[in-house]
Amino acid sequence: IKEATKEIQEKSDNLNFLLDSIKEGIVITDEKQQIIDINNSALIIAKAQNRSEIIGKNLMNFIPKSEKRKVAKSIQMENSESVQTNLKDINGVLFPVLASGRYMMRDGQRVRAFVILDLTQIKQQEREFLQQAKLAQMGDMISMIAHQWRQPLNAISATGINLSLLSYMSKLEPKKIQESSQFIQDQCQKMSKTIDTFMNFVKPEEMPKMFKLSDTVYSVLDIMGTQLANQHIKVTVNIVTQDMFIFGFEDLLEQVLINLFSNARDAFAESSIKESILQENKFINITLEKKNSVSIISIEDNAGGIAENIVGQIFNPYFTTKKQGKGIGIGLYMSLDIMKKSFDGDLKYIPTDGGSCLQIVLRLNQN
């Protein structure tokens with residue numbers, strides 16, 4: 001009996017040593033979710049000083065109310081897939097984790113072992129990726145606004161010169177003053193709308209709202225349209241399904257659209273296709289439609305497409321097909337991340353004859 005007890009103790013010590021050597025947090029509960037054991041990594045993740053602060057408490061005490069239903073559903077499964085959720089440390093501070101669990105037998109008792117990976121550092125890196133991409137896009141947008149404003153500013157200047165000339169010649173009539181005044185107001189409204197779109201992009205929305213997809217597309221084109229036209233790129237919008245609405249953060253979708261339109265624009269600039277052939281035939285076709293209750297925005301161009309040997313890498317962080325210094329390689333990665341996390345959606349690449357098609361898929365809160 002002594003030898004058997006010694007052997008069992010040695011095995012238990014070895015198991016505890018292995019558990020404490022694992023970087024991921026390990027939490028073991030009984031069938032009522034009472035915590036009966038944890039490893040050192042879980043202790044560190046929970047910001048606890050000793051195991052007594054954790055052991056004996058119910059696992060659900062460390063899960064915020066908004067996440068309890070999702071976690072409870074996962075626990076009901078024999079072997080749950082990895083779930084991204086939030087946990088509370090012993091001070092009540094929320095932090096993101098990736099967790100999975102399975103039932104097993106331990107000392108004759110059916111228990112559930114959870115593997116927990118702290119995502120705090122990864123999430124911080126993602127925020128830095130997003131900020132880096134957004135800063136790059138802001139510079140691009142300022143350039144677009146400069147293009148967009150040049151025409152109305154020239155028109156306003158010309159109207160002012162015309163009014164001054166008519167006044168000098170004593171031919172300034174009240175009707176002409178009213179027409180010119182209205183024209184200047186209309187041009188200023190267009191410029192103001194452009195700035196509003198830019199400010200929405202710079203200052204993220206704090207609350208989600210219901211918005212119309214076609215309005216969002218046209219809003220982005222209001223900023224980029226002049227620049228695309230100056231590069232002889234014909235843009236068409238085909239609305240197959242009318243009145244498509246999404247509940248969410250419109251500025252995030254604008255960010256994705258700006259990135260995809262900019263990628264198409266840059267692809268034309270760097271295309272190996274002879275400019276003389278492509279000059280009059282450049283196009284970006286945008287299609288909005290709903291298929292099987294899923295809203296889809298397709299953006300197709302004929303800029304030559306992406307080489308087959310690198311297609312599998314285009315959504316990786318820091319991978320870019322652009323020339324050195326022209327791209328930071330997180331645009332598509334960031335866009336895919338936004339679609340998945342903010343719209344329960346996706347971003348798909350589809351090769352076409354002579355070009356590319358990127359499909360924005362939106363599933364979240366549609367009507």
Side-chain angles (χ1 to χ4, degrees), residues 134-239 241-262 264-265 282-288 297 299 360:
K134 195 158 188 176
L135 288 172
Q137 281 190 329
M138 281 175 61
D140 205 16
M141 285 185 73
I142 290 171
S143 175
M144 295 174 196
I145 290 172
H147 279 279
Q148 192 72 10
W149 274 22
R150 187 168 287 114
Q151 184 177 349
L153 284 173
N154 287 339
I156 290 171
S157 177
T159 302
I161 292 171
N162 187 42
L163 286 174
S164 179
L165 182 61
L166 290 173
S167 177
Y168 178 77
M169 298 171 63
S170 300
K171 293 183 178 181
L172 189 57
E173 300 175 357
K175 182 180 179 182
K176 184 62 179 178
I177 295 175
Q178 289 298 323
E179 289 176 351
S180 298
S181 175
Q182 186 61 50
F183 175 79
I184 291 172
Q185 290 180 52
D186 291 343
Q187 297 302 311
C188 288
Q189 285 296 321
K190 290 180 182 179
M191 295 167 69
S192 177
K193 185 178 179 182
T194 303
I195 285 296
D196 287 343
T197 303
F198 178 72
M199 292 305 295
N200 289 336
F201 177 81
V202 174
K203 184 180 179 182
E205 296 171 350
E206 296 181 358
M207 296 293 292
K209 64 179 182 181
M210 188 71 72
F211 62 92
K212 191 175 180 180
L213 291 184
S214 58
D215 289 347
T216 306
V217 170
Y218 284 123
S219 178
V220 173
L221 289 177
D222 280 342
I223 288 181
M224 297 193 65
T226 301
Q227 193 178 73
L228 295 173
N230 288 345
Q231 296 184 28
H232 309 285
I233 301 170
K234 182 180 179 182
V235 179
T236 60
V237 180
N238 180 26
I239 303 177
T241 308
Q242 299 290 330
D243 298 329
M244 294 164 58
F245 288 85
I246 290 288
F247 184 78
F249 293 93
E250 185 179 15
D251 63 307
L252 292 179
L253 182 57
E254 288 176 343
Q255 193 170 353
V256 173
L257 289 169
I258 289 170
N259 181 59
L260 299 187
F261 294 156
S262 298
R265 175 203 63 198
K282 299 179 186 178
F283 69 74
I284 297 176
N285 291 337
I286 305 161
T287 304
L288 287 79
I297 303 174
I299 301 170
I360 298 172

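The figures that follow rest on heavy atoms only: side chains count, while hydrogens, waters and symmetry mates do not. Just so we're clear, the structure is a prediction, and the values are computed from it rather than from any experiment.
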Inset, instruction - Measure the spacing between CG of Leu153 and SG of Cys188 and express it to the nearest 0.5 Å. - result: 8.5 Å
Inset, instruction - Check side-chain hydrogen bond (donor to acceptor under 3.5 Å, both in side chains) between Ser157 and all other residues, then give those that pass, not counting sequence neighbours. - result: none
Legend entry - Minimum heavy-atom distance Phe249-Phe211, with the two atoms named: C-CE2, 4.1 Å
Inset, instruction - Kindly compute the distance separating CE (Met224) from CG (Leu257), expressed to the nearest 0.5 Å. - result: 10.0 Å
Legend entry - pair Val256-Ile297: side-chain heavy atoms closer than 4.5 Å: no
Inset, instruction - Output yes when a side-chain donor or acceptor of Ser219 lies under 3.5 Å from a complementary backbone atom of Asp215, and no otherwise. - result: no
Inset, instruction - Answer yes if the side chains of Gln231 and Arg265 hold a donor-acceptor pair under 3.5 Å, and no otherwise. - result: no
Legend entry - Nearest-0.5 Å distance, CD of residue Gln242 to NZ of residue Lys212: 7.0 Å
Inset, instruction - Working to the nearest 0.5 Å, report the span between CD1 of Ile258 and CG of Leu253. - result: 10.0 Å
Inset, instruction - Can you spot which of Ile299, Asn285, Ile286 makes a side chain to side chain contact (heavy atoms under 4.5 Å, CB included) with Val235? - result: Ile286
Legend entry - Value rounded to 0.5 Å, distance of CG in Asn238 from OG1 in Thr287: 5.0 Å
Inset, instruction - Using a 4.5 Å cut-off on heavy atoms from C-beta on, say whether the side chain of Val237 contacts that of Leu221. - result: yes
Legend entry - Contacts of Lys234 that satisfy salt bridge (charged side-chain N to carboxylate O under 4.0 Å, His left out) - sequence neighbours left out: none
Legend entry - Given Ile223, Asn259, Thr216, Val217, the one that forms side chain to side chain contact (heavy atoms under 4.5 Å, CB included) with Glu254: Thr216
Inset, instruction - For Lys176, check side-chain hydrogen bond (donor to acceptor under 3.5 Å, both in side chains) against everything at least two apart and list the hits. - result: none
Legend entry - Gln185 atom CD, over 12 foreign heavy atoms within 6.0 Å: yes
Legend entry - Validation row: Leu213, Ile239 side chains within 4.5 angstrom (heavy atoms): no
Inset, instruction - List the atom of Met210, the atom of Phe245, and the distance in Å for their closest heavy-atom pair. - result: SD-CB, 3.8 Å
Legend entry - Pair Gln255, Asp251: side-chain N/O donor-acceptor within cut-off below 3.5 Å: no
Legend entry - OG1-CD distance between Thr159 and Glu179, expressed to the nearest 0.5 angstrom: 11.0 Å
